[in-house]
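Structure record follows, encoded as structure tokens.
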2 protein chains.
Amino acid sequence: METVDTAPAEEVLRLDHQICFSLHAAARAFNGVYRTALKDLGLTYPQYLVMLVLWEHGELPVKRIGERLRLDSGTLSPLLKRLEATGCVERRRSPEDERSVTVRPTPAGAALRERALDVPRRIGAATGMELAEIMELRVRLDRLTEALDGAGTGLAAEECVRD
Amino acid sequence: METVDTAPAEEVLRLDHQICFSLHAAARAFNGVYRTALKDLGLTYPQYLVMLVLWEHGELPVKRIGERLRLDSGTLSPLLKRLEATGCVERRRSPEDERSVTVRPTPAGAALRERALDVPRRIGAATGMELAEIMELRVRLDRLTEALDGAGTGLAAEECVRD
DNA sequence: CGCAATTCAGTTGTGCGCAACTCAATTGCT
DNA sequence: AGCAATTGAGTTGCGCACAACTGAATTGCG
């Protein structure tokens, strides 16, 4: 079948042929829109993602937040420290497992949720896309991420097996 | 018509309903795959993007590179300095306009191109997608970026008018 | 029980991305 | 010509992302 290696060598490396760049640019463009949309909430975009998870689950150990967002402690620890500094979350060492730290929204952090309700609509409007089209794009991207994660973590040769 | 605001308040903020997160995750997944693919070239992913542009155009002022990659001097200046330190590019103040700095690949940087030819194929394989599907995704993402860029630069209220 | 292996959060170091700024060169307006 | 506005690159400061590491708590195996 038709694959990339049918293209001549000069074409292969053209910037505008590469999906990665489109993705990279789109992610940064989203980030910019969120930056302005979240400015008066006092949240950055990754902080907003953490708050989404916490609003949904009420209270979670750092580990679980990281699983949901695919972020490790090296990213989350300082981020959560900043969220604690701005009064959005509380962190408490878990009594039953002293290694684990439980994070939960403060009343102020929970209240922020009301003001965030408008954000998805504004973002949706900024995309200029129909909901159905966005959903389809999302599905494709999730499939892509799954494939890339499988290929990236050393299982390149063998297929990604479900645990 | 069916839009986001038909969904109940609790649903609106669910992480897995938000396109931005899928995009964010996919971009990071790509970054991870590139990280390993580019490791023996000694390039990071953004450095690779810069080299793609330079391989294609031979020599460009910083300004033009920034336009192609949607990056400003705050990002490019240190990145180019690192590329210069690793011997991939040369920087020279333009004689006809002393404000401008022209960047071009060194012989070593140009030679790197040969070794990079294999990268897109490897990345393509990691996506697990057909070329046609990738191309279509790229088109959608570019449209999305264009819409978001228009909305992000302060025209939130009024529709994005073509210049 | 006792100790090695594992798990979890946090730290360190590097690089990207962007806003806000500086500084010099150039352009444009009068 | 003279001077203000603009342009281009660079710097600073901050936050995110990730690799590699530390250190404490827990688990598990003999």
Side-chain angles (χ1 to χ4, degrees), chain A residues 20-21 24-36 38-39 42-50 60-67 69-86 89 91-103 149 152-154, chain B residues 20-21 24-36 38-39 42-50 60-67 69-86 89 91-103 149 152-154:
Chain A
C20 57
F21 176 65
H24 191 66
R28 284 187 294 132
F30 250 125
N31 218 304
V33 173
Y34 273 100
R35 195 191 317 283
T36 61
L38 295 172
K39 190 156 56 185
L43 295 175
T44 66
Y45 171 58
Q47 288 168 10
Y48 169 72
L49 291 180
V50 168
L60 281 178
V62 174
K63 186 78 192 308
R64 297 278 159 274
I65 299 175
E67 284 169 3
L69 301 178
R70 295 168 186 270
L71 292 172
D72 67 4
S73 67
T75 300
L76 282 176
S77 287
L79 190 156
L80 290 169
K81 199 148 67 173
R82 284 186 288 271
L83 276 178
E84 190 174 46
T86 59
V89 304
R91 287 188 298 169
R92 227 177 57 242
R93 242 69 243 168
S94 163
E96 60 269 13
D97 187 342
E98 286 282 336
R99 290 170 306 178
S100 177
V101 167
T102 302
V103 185
D149 272 358
T153 47
Chain B
C20 57
F21 176 65
H24 191 66
R28 283 188 294 131
F30 249 125
N31 219 304
V33 173
Y34 273 101
R35 196 191 316 284
T36 60
L38 295 171
K39 189 156 57 185
L43 295 175
T44 67
Y45 171 57
Q47 288 167 11
Y48 169 72
L49 291 180
V50 168
L60 280 179
V62 174
K63 188 76 193 310
R64 297 276 159 275
I65 300 175
E67 283 168 3
L69 300 178
R70 294 168 186 271
L71 291 173
D72 68 3
S73 66
T75 301
L76 282 176
S77 288
L79 190 155
L80 290 169
K81 199 148 68 171
R82 283 187 289 270
L83 276 179
E84 189 174 47
T86 59
V89 305
R91 287 189 298 169
R92 229 177 54 241
R93 286 225 99 98
S94 163
E96 60 269 13
D97 186 342
E98 285 283 336
R99 291 171 304 179
S100 177
V101 167
T102 303
V103 184
D149 272 359
T153 47

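Note that these values count all heavy atoms, side chains included, but never hydrogens, waters or copies made by symmetry. Chain letters run A, B, ... following the sequence lines, proteins first, then strands; residues in each count from 1.
- The CG-C1' distance, from A/L43 to D/dC14, rounds to 16 Å in whole Å.
- Between D/dA9, C/dC8, D/dA25, one nucleotide has an atom nearer to the side chain of A/S100 than all others, and that is C/dC8.
- Following rounding to the nearest Å, A/R93 (CZ) and D/dA25 (C1') show an atom-to-atom distance of 9 Å.
- Take A/R35 and apply the side-chain hydrogen bond (donor to acceptor under 3.5 Å, both in side chains) test, not counting sequence neighbours, and it matches no residue.
- In this entry the distance linking CG of B/L80 with C1' of C/dG15 reads 14 Å, nearest Å.
- Using a 4.0 Å heavy-atom distance criterion, B/R91 is classed as a sugar-phosphate-only contact.
- Contact annotation for B/L79: backbone-only contact, meaning every heavy-atom pair under 4.0 Å involves sugar-phosphate atoms and none involves a base.
- Here A/S77 does not reach the OP1 or OP2 of C/dT11: none of its side-chain N or O atoms lies under 4.0 Å away.
- Protein atom NE2 of B/H24 is 12 Å distant from nucleotide atom C1' of C/dG17, rounded to whole Å.
- If you find the closest nucleotide of DNA chain D to A/S94 and to B/V62, the one lying nearer the 5' end belongs to B/V62.
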Q) Just by protein heavy atoms under 4.0 Å, how would nucleotides 18-23 of chain C read 5' to 3' in B, S and -? A) BB----

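- For B/T75, the side chain to side chain contact (heavy atoms under 4.5 Å, CB included) test picks out B/L71, B/D72, with sequence neighbours left out.
- Here D/dG8 is the nucleotide among C/dG15, D/dG8, D/dG10 with the atom lying nearest to any side-chain atom of B/K63.
- In this structure, NZ on A/K63 lies 9.5 Å from CZ on A/R99, to the nearest 0.5 angstrom.
- Of the two residues near DNA chain D, A/R99 and A/P46, the one whose nearest nucleotide lies more 5' is A/P46.
- Whole-Å rounding puts the B/F21 CZ to D/dA17 P distance at 10 Å.
- Residues passing the side-chain hydrogen bond (donor to acceptor under 3.5 Å, both in side chains) test with B/R92, sequence neighbours excluded: none.
- For A/E98, there are no side-chain hydrogen bond (donor to acceptor under 3.5 Å, both in side chains) partners at least two apart in sequence or on another chain.
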Q) Going through the checks in order, is the side-chain contact (heavy atoms from CB on, under 4.5 Å) test met by A/T86 and A/L43? A) CA-CA 9 Å; A/T86 59; A/L43 295 175; 5.8 Å; no

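- Contact check, B/K81 against D/dA9: no side-chain N or O comes under 4.0 Å of OP1 or OP2.
- Rounded to an integer number of Å, the gap from CG of B/L38 to P of C/dT14 is 20 Å.
- Computed from coordinates, the B/E84 CD to D/dA9 P distance equals 14 Å when rounded to whole Å.
- If you take CG of A/D97 and P of D/dT27, they are 6 Å apart, rounded to a whole angstrom.
- Residues forming a side chain to side chain contact (heavy atoms under 4.5 Å, CB included) with B/T44 (at least two apart in sequence, or on another chain): B/P46, B/Q47.
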